Chemist: 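Dropping the structure in here first, questions after.
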Amino acid sequence: MFKSAYLKLTIYYVAIIMLLSISFSVIIYKIATLELNQGLNRQSRIFRELPGNNFPKPPNIDFENIQLEQLKESQNNLKNQLVYLNIIILLLFSAISYFLAKRTLRPVAEMVESQNRFTADASHELKTPLAAMRTEIEVGLRDKKFDFNNAKKLLNSNLEEITKLELLSNTLLNLARYQEQVKLDFYEISLEEIIIEAFEKVESKAQAKEIIFKNKLDNVVIHGNRQSLVELFVILIDNAIKYSPKKSIININISKEKNKVKVSIKDYGIGIKSSDLPYIFNRFYRADQSRNKEKVDGYGLGLSIAKEIVELHNGEIKVASSIGKGSEFGVVFRK
Ligand code: ADP
């Protein structure tokens with residue numbers, strides 16, 4: 001699909017260049033012929049007007065004809081040179097234009113590719129619970145001894161899958177909303193309050209794993225959108241809990257630096273392989289260790305939403321991690 005677009009754009013570029021080059025060549029040709037003609041006229045006039053006693057005039061020389069031949073020869077030479085020049089320009093600029101067309105369309109091609117990947121990943125995630133539900137229902141229908149208790153079990157299991165689908169569709173809608181660069185309402189808000197609100201939302205998960213929080217919060221006020229910032233820190237604290245072993249420690253710090261504020265969430269959990277680090281903010285990306293062994297639930301969308309929220313706040317999100325030792329996610333806001 002993009003090959004024909006590259007070619008079309010190359011043809012447009014080359015057409016523009018050739019139009020300019022041919023127009024200039026015609027102008028150069030016209031001016032040069034005119035100048036040449038005038039020069040030759042001047043030359044023959046001077047020659048004709050030379051006093052006879054200084055230079056004896058050669059007899060029977062047809063100045064008009066010589067002048068015309070000279071003009072024709074020079075015109076032909078010039079024409080040939082301009083044609084060669086235009087052929088060279090055509091070849092050279094065809095190659096350059098193809099390269100430039102590829103460069104111009106690269107971001108669009110990448111965007112389309114990422115959109116296709118996203119659609120494929122999203123369909124895959126939607127298909128999995130639907131397939132599970134279909135199998136359970138089909139097995140149930142085929143079972144002749146299917147009673148009320150089995151029906152209840154089946155409905156409960158279907159409900160679980162529906163909850164997963166709901167979570168996925170809500171997450172996708174959320175991501176789409178932030179990617180559209182929605183205009184969020186910004187107010188002066190306390191970062192400490194935001195962190196506490198986010199923490200309260202995941203507190204029960206932390207308690208279930210007996211995680212200990214050691215926080216150093218400072219009451220710093222920033223300009224931001226409350227709801228999305230709470231969502232951002234829920235994602236980061238929730239991940240810290242999800243990827244930490246039982247009874248481990250999580251540190252949340254707020255620190256001020258000149259005109260910046262940094263919030264860091266540090267865990268001592270499974271950590272992230274350095275080869276995975278460049279991709280963890282990509283949509284649907286999950287590092288292997290979160291898929292294997294004790295499977296941790298998730299769709300690999302949390303960090304991409306987190307990144308969108310941070311960017312909507314003109315901030316920066318960074319991660320430092322070491323496998324088996326833990327991870328530290330830092331969010332920097334400009335004050
Ligand atoms: P998920 O739903 O899988 O948690 P995220 O987008 O939030 O999706 O994270 C992407 C991946 O980054 C995770 O699957 C996990 O492999 C890795 N990751 C994120 N946070 C942490 C963390 N605190 N410790 C270890 N790995 C993490």
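For clarity, every value in this text was computed on a predicted model and none was experimentally measured. Just follow the structure's listing: the first ligand is 1, and inside any ligand the first atom is 1.
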Chemist: Considering only heavy atoms, does Phe281 approach ligand 1 within less than 4.0 Å through its side chain, its backbone, both, or neither?
Modeler: neither
Chemist: Report, in ascending order of atom number, the atoms of ligand 1 lying under 4.0 Å from any heavy atom of Ile280.
Modeler: 10 (C), 12 (O)
Chemist: When you compare ligand 1 with Gly298, is there at least one nitrogen or oxygen pair between them that comes in under 3.5 angstrom?
Modeler: no
Chemist: Return a yes/no value for Gly300: is any of its N or O atoms, backbone included, closer than 3.5 angstrom to an N or O of ligand 1?
Modeler: yes
Chemist: Return a yes/no value for Ile272: is any of its N or O atoms, backbone included, closer than 3.5 angstrom to an N or O of ligand 1?
Modeler: no
Chemist: Mind running side chain to side chain contact (heavy atoms under 4.5 Å, CB included) on Val332 and Lys318 for me, showing each step along the way?
Modeler: CA-CA 8 Å; Val332 177; Lys318 285 187 183 156; 5.9 Å; no
Chemist: Measure centre to centre between the rings of Phe199 and Phe213, then say whether the value is under 6.0 Å.
Modeler: yes
Chemist: Indicate, with yes or no, if the rings of Phe186 and His313 have centres closer together than 6.0 Å.
Modeler: yes
Chemist: Which pairs count as side-chain hydrogen bond (donor to acceptor under 3.5 Å, both in side chains) when at least one residue sits in residues 245-254, sequence neighbours excluded?
Modeler: Asn251-Tyr268
Chemist: Flag the pair Phe284 / Phe118 as yes when their ring centroid distance falls below 6.0 Å, and as no otherwise.
Modeler: yes
Chemist: Looking only at distance, does Ser304 have an N or O less than 3.5 Å from an N or O of ligand 1?
Modeler: no
Chemist: For Leu301, take its heavy atoms, then give the atoms of ligand 1 lying under 4.0 Å from any of them.
Modeler: 6 (O), 8 (O)
Chemist: Classify the contact between Ala287 and ligand 1 as side chain, backbone, both or neither, using a heavy-atom distance cut-off of under 4.0 Å.
Modeler: both
Chemist: Enumerate the atoms of ligand 1 whose separation from the nearest heavy atom of Ser327 is less than 4.0 angstrom.
Modeler: 22 (C), 24 (N), 25 (C)
Chemist: Taking non-hydrogen atoms only, is Asp267 closer than 4.0 angstrom to ligand 1 via side chain, backbone, both or neither?
Modeler: side chain
Chemist: Does any pair with a residue in residues 131-148 pass side-chain hydrogen bond (donor to acceptor under 3.5 Å, both in side chains), and if so which ones, sequence neighbours excluded?
Modeler: Arg134-Glu138, Glu136-Ser157, Glu136-Asn158
Chemist: N/O to N/O below 3.5 Å, does that happen between Ile235 and ligand 1?
Modeler: no
